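Values in this document were obtained by computation on a predicted structure and should not be read as measured data.
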Amino acid sequence: MSALETLAAVNGNVASIGYGLAAIGPGVGVGIIFGNGTQALARQPEAAGLIRTNQIMGFAFCEALALIGIVMGFVYQ
């Protein structure tokens with residue numbers, strides 16, 4: 001089997017590996033957002049509405065990055 005045939009056989013798996021690596025960043029970001037949000041709620045419970053709103057917005061932005069990562073695997077395949 002030549003190197004080109006081997007590369008063609010591995011092509012489908014490269015997108016999966018790429019998405020797995022791309023999902024690390026948003027996963028860490030979501031952990032930081034909710035960890036710091038919980039800490040902020042413990043320190044200042046009267047600002048719960050504002051803190052929760054900012055948490056949800058940050059979560060949505062991080063998840064958008066994860067969705068972009070999964071779409072890029074299909075776009076560049």
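Ala47 is linked by a side-chain contact (heavy atoms from CB on, under 4.5 Å) to Gln44, Ile51, counting only residues two or more places apart in sequence or in another chain. Residues passing the side-chain contact (heavy atoms from CB on, under 4.5 Å) test with Ile56, sequence neighbours excluded: Arg52. Under the ring-ring contact (aromatic ring centres under 6.0 Å, His included) criterion, Phe34 pairs with Phe59, not counting sequence neighbours. Taking Asn54 as the reference, Leu50 meet the side-chain contact (heavy atoms from CB on, under 4.5 Å) condition, with sequence neighbours excluded. For Ile68, the side-chain contact (heavy atoms from CB on, under 4.5 Å) partners at least two apart in sequence or on another chain are Met72.
Cluster annotation: Ile32 and Ile24 are assigned to the same hydrophobic cluster (Ile/Leu/Val/Met/Phe/Trp/Tyr, side-chain heavy-atom contacts under 4.5 Å, transitive).
For the pair Asn36/Gln55, no side-chain contact is recorded, criterion being any heavy-atom separation below 4.5 Å from C-beta on.
The minimum heavy-atom distance linking Pro26 with Cys62 is given by the pair CB-O, 3.3 Å.
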